[in-house]
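We name chains A, B, ... by the order of the sequence lines, and we start the count at 1 in each one.
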There are 2 protein chains.
Amino acid sequence: MTNSDAIENVILELRRGVIVLAALSLLDEEQYGYSLMKRLSECGLEVEQGTLYPLLRRLEGQGLLASSWRIEEGRPRRYYVISQAGREALPGLKAEWGGIVGMMGKVLSK
Amino acid sequence: MTNSDAIENVILELRRGVIVLAALSLLDEEQYGYSLMKRLSECGLEVEQGTLYPLLRRLEGQGLLASSWRIEEGRPRRYYVISQAGREALPGLKAEWGGIVGMMGKVLSK
DNA sequence: CATTATACTGTGTTTCACACAGTATGTCAA
DNA sequence: TTGACATACTGTGTGAAACACAGTATAATG
């Protein structure tokens, strides 16, 4: 592994951690995988299909999301929304995120 | 996996991503693993030994850190510092972090 | 009618974190 | 002085998860 690979890797790890929270937050509004991917991309968070789709299934399996398979606009899509449990967890997770941002602010300024 | 396990898991993922950047930044000053662990803990970032030590070795292997094994205060310790490559990468990584924070600010406010 | 965008599923492979165990020295109090 | 606790690091096994890659299929666009 070269140096720049390692740096690329750090950036990936940095982004990876926030994907779940971003997805949970955006799925306050019902959306299907592909549209969520586009939405995240617009926000500046590029996520591969091979990352996002399994992630959504995982979060559904963990009970933080719910999904339904429907045909809309002539096309079958799996729609995801945040579940009751997810909705209840979200404020705590946002607070946790705020804490991390504050903590990193201190660490990085040193 | 229960619901609260899943939530715990999201928080872990969130913290995990920032550990590398925090470590790199704090290792601007030479330190050994255990003292870095304590320092991170003081900043509010709890990291297990089984996580931090392999991480440091990994980052050294990737060329972002350098280490030397010395005896100080009667006790052998492995001292780590950020390498030249790491030092050069750090501003870019901090900027990346700033971008993520800004992006998440938008995402979470929606 | 061919290409691109849309939209999802599935299968390795590899990278890690994490749990756990092990080793060993220094410190401090009962 | 001895037992507990903090310090300080190494190593192994396991499981979770991203990522690369491949595959399937429909709609839109030129």
To the nearest angstrom, how far is [X] atom [atom1] from [N] atom [atom2]?
X	N	atom1	atom2	result
A:Leu52	D:dA20	CG	C1'	16 Å
A:Tyr53	D:dA22	OH	C1'	15 Å
A:Asp5	D:dA20	CG	P	12 Å
A:Tyr34	D:dT26	OH	P	17 Å
A:Glu72	C:dC8	CD	P	12 Å
A:Leu59	D:dA18	CG	P	9 Å
B:Tyr32	D:dT7	OH	P	9 Å
A:Leu56	D:dC19	CG	C1'	16 Å

Closest-nucleotide ordering on DNA chain D, the 5'-leading residue of B:Ser35 and A:Leu55: B:Ser35
Comparing B:Arg77 and B:Pro54 on DNA chain D - which has the more 5′ nearest nucleotide: B:Arg77
Donor-acceptor contact present, side-chain B:Glu13 to main-chain A:Val20, <3.5 Å: no
Side-chain donor or acceptor of A:Ser41 paired with backbone N/O of A:Met37 under 3.5 Å: no
Residues which pass side chain to side chain contact (heavy atoms under 4.5 Å, CB included) with B:Arg57, listed by chain and number, not counting sequence neighbours: B:Tyr53, B:Pro54, B:Tyr80
Residue list, side chain to side chain contact (heavy atoms under 4.5 Å, CB included) with A:Ala66, at least two apart or on another chain: none
Distances for protein N/O vs nucleotides 27-30 of chain D N/O pairs under 3.5 angstrom?
residue : atom : partner : partner atom : Å
D:dA27  : OP1  : A:Gly74 : O            : 3.2
D:dA27  : O4'  : A:Arg75 : NH2          : 2.7

Distance-only donor-acceptor hits, side chain of residues 87-96 of chain A, under 3.5 Å, sequence neighbours excluded:
residue : atom : partner  : partner atom : Å
A:Arg87 : NH1  : A:Asp28  : OD1          : 3.0
A:Glu88 : OE2  : A:Gln84  : NE2          : 2.9
A:Lys94 : NZ   : B:Leu108 : O            : 3.0
A:Glu96 : OE2  : B:Arg15  : NE           : 3.2
A:Glu96 : OE2  : B:Arg15  : NH2          : 3.1

Side-chain heavy atoms of A:Leu65 within contact of A:Ser83, under 4.5 Å: no
Residues from residues 38-51 of chain A lying under 4.0 Å of DNA chain C - heavy atoms: A:Lys38, A:Gln49
For DNA chain C, the residues among residues 10-29 of chain B that have a non-hydrogen atom under 4.0 Å from it: B:Leu12, B:Arg16
Phosphate OP1/OP2 of D:dA17 contacted by B:Asn9 side-chain N/O (<4.0 Å): yes
Phosphate OP1/OP2 of C:dC8 contacted by A:Arg57 side-chain N/O (<4.0 Å): no
Shortest non-hydrogen contact from B:Ala85 toward B:Gly63: CB-O, 3.7 Å
Of the listed nucleotides D:dA8, C:dT6, D:dT10, the one nearest the side chain of B:Trp69: D:dT10
Proximity to the side chain of A:Arg58 - top-ranked nucleotide from C:dC8, D:dA18, D:dA8: D:dA18
Cationic N near anionic O, under 4.0 Å, A:Arg70 to A:Glu72: yes
A:Glu30, CD: over 12 other non-hydrogen atoms inside 6.0 angstrom: yes
Single-linkage hydrophobic cluster A:Ile11~A:Leu52, side-chain heavy atoms < 4.5 angstrom: yes
Nearest-0.5 Å distance, CG of residue A:Leu40 to CD of residue A:Glu46: 9.0 Å
A:Val101, A:Ile100, A:Val18 screened by side chain to side chain contact (heavy atoms under 4.5 Å, CB included) with B:Val101, the one that passes: A:Val101
